[in-house]
Amino acid sequence: MTEAEDSGPSGYAAARLLLLNGQEPTGPPRRAALARLTDRWLSALFTAARRDTGVHAAALVAVGGYGRGELSPRSDLDLLLLHDPSADPAAVAALADRVWYPVWDLGLSLDHSVRTVAGARRTAAEDLKAQLGLLDARPVAGDLAQLTALRTAVLADWRNQAHKRLPELGELCRERAARQGELRFLLEPDLKEARGGLRDATALRAVAASWLADAPREGLAEARRTLLDARDALHLTTGRATDRLALQEQDQVAGALGLLDADALLRQLYEAARTVSYASDVTWREVDRVIKARSARSRLSALRRGGRRTGPGRTPLAEGVVEQDGEAVLARTARPERDPVLPLRAAAAAARSALPLSRHAVRRLAAAAPPLPAPWPAEAREAFVILLGAGAPTVPVWEALEAEGLITRLLPEWERVRCRPQRNAVHTWTVDRHLVETAVRAAALTRRVSRPDLLLVAALLHDIGKGRPGDHSTAGEAIAQDMAERMGFDRSDATVIAALVRHHLLLAETATRRDLDDPATVRAVAAAVGSTGVLELLHALTEADALATGPAAWSAWRGSLVAELAARAGAVLAGGDPPPREPAALGADQRRLAAEALRTGGPVLSLRTQTPPTGEDAGPEPAGPEPIGPEPVGPEPVGVELRIAVPDRPGVLPAAAGVLALHRLTVRAAELRTVEPDGGMDAGAVLVLDWRVAAEYGSLPQAARLRADLVRALDGSLDVPARLAERDAAQPRRRGTKAPPPRVTALPAASRHATVIEVRAQDAPGLLHRIGCALEDAGARVRSAHVSTLGANAVDAFYLTGPGGGPLPEPAAAELARALARALEERPD
């Protein structure tokens with residue numbers, strides 16, 4: 001290609017298109033080729049412009065990502081025009097225009113500036129981001145002496161001011177991480193801005209350039225390449241300059257990179273982000289250490305001049321492990337090649353002391369320590385339990401062991417869950433981090449159980465079956481049994497750990513999806529658990545698992561249901577029958593609302609927020625009695641509590657659910673039950689519906705409006721189905737992944753007194769209303785309902801009775817399940 005062709009927009013555009021759409025795969029060679037192609041084009045533009053304007057003492061400089069030669073298909077061109085201060089300003093402006101306008105004409109993003117060497121240096125001193133960009137400055141064309149002078153000055157300034165600028169850079173990284181989150185835990189990560197992304201990798205380069213500290217280099221270049229390759233594929237797939245990897249683009253990006261599917265892509269990116277994050281942790285810790293050491297140097301020098309010699313303090317932590325400079329390090333006498341337990345002993349000592357485990361210590365342990373024998377010796381098992389029971393300090397120590405491959409050496413089964421994504425909005429973490437977080441949560445509950453060691457190990461292993469075919473609880477049971485025995489637990493203890501893994505979802509799912517008044521529910525749980533000791537551990541594991549899942553997975557309401565189920569199952573395991581639920585267990589508020597509903601003959605509502613505001617923004621007032629009782633304790637899902645009491649009659653469930661849908665209230669959880677007022681059932685039956693709801697957008701509606709619409713829905717003057725259909729028809733269809741079909745199942749053995757129908761479906765506005773209408777059309781009476789929304793999925797259980805008040809015949813129950821499934825499938829996407 002000639003210089004004339006290079007300098008023409010059409011020639012460069014054609015060559016660029018050919019390069020990006022050619023056979024060369026995404027990777028450093030293509031990014032470098034794109035940078036070279038762009039250099040030639042800009043160099044020709046700049047050379048011609050400099051000749052025409054007469055500005056000879058000038059240089060065109062690439063900075064930032066372009067300066068590093070890392071041009072992605074839609075990357076900005078970061079350019080600096082350096083000029084001599086004696087140059088004519090008008091000529092310099094003309095020179096800049098001759099370069100900038102062809103770039104803009106081609107539709108490329110351009111970040112540009114025009115500076116003298118002194119001006120660029122002043123800007124760098126005032127603007128940290130500008131200084132970081134100049135650290136990667138690279139010549140494109142023109143007077144190289146000016147760039148050499150600038151690079152020498154900027155690097156000197158950066159190194160001389162490192163003790164001031166690096167803390168500022170570290171704070172910027174922390175603020176960005178707080179805004180963007182951890183890349184390795186996000187389902188739609190920002191490849192550049194999220195923690196562990198490209199910005200952090202660039203920050204590590206800047207730290208290294210300061211000569212104050214250096215990042216761990218093992219795997220860092222490969223991690224950076226992985227992130228850049230994914231961004232290249234994302235740019236080409238979307239045709240946009242985006243760094244956020246949206247769900248709908250992940251399969252295409254995976255295909256462009258030659259990966260099996262979106263999960264393989266995310267796992268690869270999570271691995272890369274983990275490498276960058278760990279390198280960042282180690283590097284910033286070293287920066288802090290060096291800066292603190294420098295600040296203390298004058299005082300130490302004075303002490304030495306006074307005749308006292310000082311050295312680094314080393315405090316013993318465990319056999320072969322000491323504390324030094326705020327880290328757990330190996331003692332001078334440690335012999336890891338002769339001590340296979342030392343890795344776990346060092347990790348336990350570090351976590352128990354809330355200290356980071358030195359990277360140099362971990363690397364030495366990984367290189368020298370022999371594998372543990374099978375089964376593990378008692379000391380190794382004890383150290384492992386101490387590590388798991390340390391609480392929050394367990395996490396950074398575990399990450400340090402993970403970074404050097406020690407975790408998968410200890411637990412080969414860990415490889416299956418490592419960095420495995422969980423495509424469920426309820427989950428905050430990847431599978432492996434969720435397991436560690438569950439152990440952290442379980443550590444706070446060890447005082448509640450007689451065998452805290454079994455609780456902690458079961459917490460770590462409860463999802464170890466994920467990533468394998470079939471139900472992960474069933475698969476995990478056998479894996480956990482083998483792992484526990486290899487850890488040195490005897491057969492009996494290993495069997496308990498395996499049982500906890502097998503049934504870790506039992507209490508939560510039963511408590512929120514089954515009728516606790518039904519003795520069959522309690523007996524089934526007791527039979528599955530088998531002993532009071534396992535039940536005690538399972539109760540604690542259930543809470544730890546939910547708390548480690550995310551804020552939507554646990555609440556005071558769920559906690560009370562699980563505790564009640566555990567208590568009733570415990571009574572059965574102790575040799576008795578499930579005790580009848582006392583009327584007081586229904587709650588004083590429910591009984592008061594029921595009495596008010598009987599007195600007025602209509603619905604009564606109570607709406608309560610978690611922390612009621614005051615003043616003009618106080619929100620809706622409750623219609624009916626104020627709720628009473630203790631405030632919820634512990635993490636709560638988003639939303640407010642809505643309680644409705646209404647005299648028992650057909651159509652209550654679909655009417656109430658339909659009104660909530662009309663007011664754009666999303667149902668997070670719900671329970672329907674019949675309440676006996678203080679006057680007894682002779683006074684009349686009352687249905688009480690307990691909801692946790694949240695506004696789809698905007699503010700919550702007034703409780704009085706909800707009540708008015710509910711009255712109209714019950715008397716037939718408000719056609720809820722028609723209103724919902726009108727609203728759905730007016731809304732444009734949204735692009736998205738097609739949801740799997742709903743699954744409706746009749747569970748004939750779940751209750752002796754009612755037919756249990758379970759519905760699992762994609763959550764959508766009006767879903768509960770459609771279910772209620774279908775059940776009403778089938779002539780089934782809803783005795784109780786238990787509704788839960790987990791991310792995008794609804795899991796609902798309905799206890800139904802026929803006209804005679806008993807369960808439906810099995811053929812009728814099966815037909816009802818099929819009819820309900822058809823009704824849900826008929827709704828267009």
Heavy atoms of S43 and A141 approach each other most closely as OG-CB, 3.6 Å
- Message: Can you confirm whether V114 sits close enough to W100 that some side-chain heavy atom of one is under 4.5 Å from a side-chain heavy atom of the other?
- Response: yes
Residues at least two apart in sequence or cross-chain that pass ring pair (Phe, Tyr, Trp, His ring centres under 6.0 Å) with H360, listed by chain then number, are none
Query raised in the report: Does T38 reach the side chain of Y12, with side-chain heavy atoms less than 4.5 Å apart?
Result: yes
Inset, instruction - Determine, stepwise, if the pair L135 / L132 fulfils side-chain contact (heavy atoms from CB on, under 4.5 Å). - result: CA-CA 5 Å; L135 292 177; L132 293 175; 4.2 Å; yes
With side chains defined as the heavy atoms from C-beta onward, is the minimum distance between L82 and T116 less than 4.5 Å?
no
Subject >> Donor-acceptor pair, side chain of N160 and main chain of A156, under 3.5 angstrom >> reply: yes
> Is the shortest heavy-atom distance from the side chain of L79 to the side chain of L42 under 4.5 Å?
Replying inline: yes
One should read off an interatomic distance between L19 CG and R36 CZ, to the nearest 0.5 angstrom, of 9.0 Å
d(E222 CD, L227 CG) to nearest 0.5 Å is 10.0 Å
Applied to residues 69-86, the salt bridge (charged side-chain N to carboxylate O under 4.0 Å, His left out) test, sequence neighbours excluded, yields R68-E70, E70-R224
Just list the side-chain donor-acceptor pairs under 3.5 Å for residues 142-150, sequence neighbours left out, or say none.
residue	atom	partner	partner atom	Å
D143	OD1	A145	N	3.1
Q146	NE2	A57	O	2.6
T148	OG1	L144	O	3.0

Inset, instruction - Could you walk me through whether D136 and Y66 pass side-chain contact (heavy atoms from CB on, under 4.5 Å), step by step? - result: CA-CA 9 Å; D136 293 310; Y66 182 28; over 6 Å; no
Test item: V431 and Q422 side chains (from C-beta on) under 4.5 Å apart, heavy atoms:
yes
Residues at least two apart in sequence or cross-chain that pass side-chain hydrogen bond (donor to acceptor under 3.5 Å, both in side chains) with W414, listed by chain then number, are E402
Those residues at least two apart in sequence (or on a different chain) that pass side-chain hydrogen bond (donor to acceptor under 3.5 Å, both in side chains) with D214 are R217
For this session: Mind running salt bridge (charged side-chain N to carboxylate O under 4.0 Å, His left out) on R225 and D229 for me, showing each step along the way?
Result: CA-CA 6 Å; R225 171 179 175 166; D229 288 354; 3.5 Å; yes
In short, salt bridge (charged side-chain N to carboxylate O under 4.0 Å, His left out) pairs touching residues 417-430 with sequence neighbours left out are D263-R423, E271-R418, E415-R418
In short, ring-ring contact (aromatic ring centres under 6.0 Å, His included) pairs touching residues 233-292 with sequence neighbours left out are none
Sequence neighbours excluded, the answer for side-chain hydrogen bond (donor to acceptor under 3.5 Å, both in side chains) partners of Q131 is R165
Applying ring pair (Phe, Tyr, Trp, His ring centres under 6.0 Å) to H83 and not counting sequence neighbours gives none
Please check this pair: side chain of R184 against backbone of A273, looking for a donor-acceptor N/O pair closer than 3.5 Å. no
query = With the threshold set at 4.0 Å, does a side-chain nitrogen-carboxylate oxygen contact exist between R231 and D243?
reply = yes
dist L71:CG -> L34:CG (nearest 0.5 Å) comes out at 5.0 Å
Query - Side-chain donor or acceptor of D251 paired with backbone N/O of A262 under 3.5 Å - result: yes
| task | Evaluate side-chain contact (heavy atoms from CB on, under 4.5 Å) for L245 paired with L269, printing each intermediate quantity in order. | result | CA-CA 11 Å; L245 185 61; L269 292 173; 3.5 Å; yes
**Message:** Between E193 and R244, does the salt bridge (charged side-chain N to carboxylate O under 4.0 Å, His left out) criterion hold? Intermediate values first, please.
**Reply:** CA-CA 9 Å; E193 302 292 339; R244 185 167 298 280; over 6 Å; no
Discussion item. For the backbone of A44 and the side chain of T47, can you confirm whether one donor and one acceptor N or O come within less than 3.5 Å of each other?
Written reply: no
Review point. Below 4.5 Å, heavy atoms only, C-beta onward: do L401 and L365 meet side chain to side chain?
Key: no
Which of R176, K192, R195 passes side chain to side chain donor-acceptor pair (under 3.5 Å) with D200? Answer is R176
- prompt: When you check the gap from the basic side-chain N to the acidic O, do R285 and E327 get nearer than 4.0 Å?
  reply: yes
So the salt bridge (charged side-chain N to carboxylate O under 4.0 Å, His left out) pairs with at least one residue in residues 112-124 (sequence neighbours excluded) are R121-D157
Do D88 and V55 make a side-chain contact, defined as non-hydrogen atoms from C-beta onward lying under 4.5 Å apart? no
- Hey, does E399 have a side-chain heavy atom less than 4.5 Å from the side chain of R274? yes
Hits for side-chain hydrogen bond (donor to acceptor under 3.5 Å, both in side chains) against R433, two or more places apart or cross-chain, chain-then-number order -> E437
Residue pairs passing the ring-ring contact (aromatic ring centres under 6.0 Å, His included) test with at least one member in residues 167-217, sequence neighbours excluded, are F185-W429
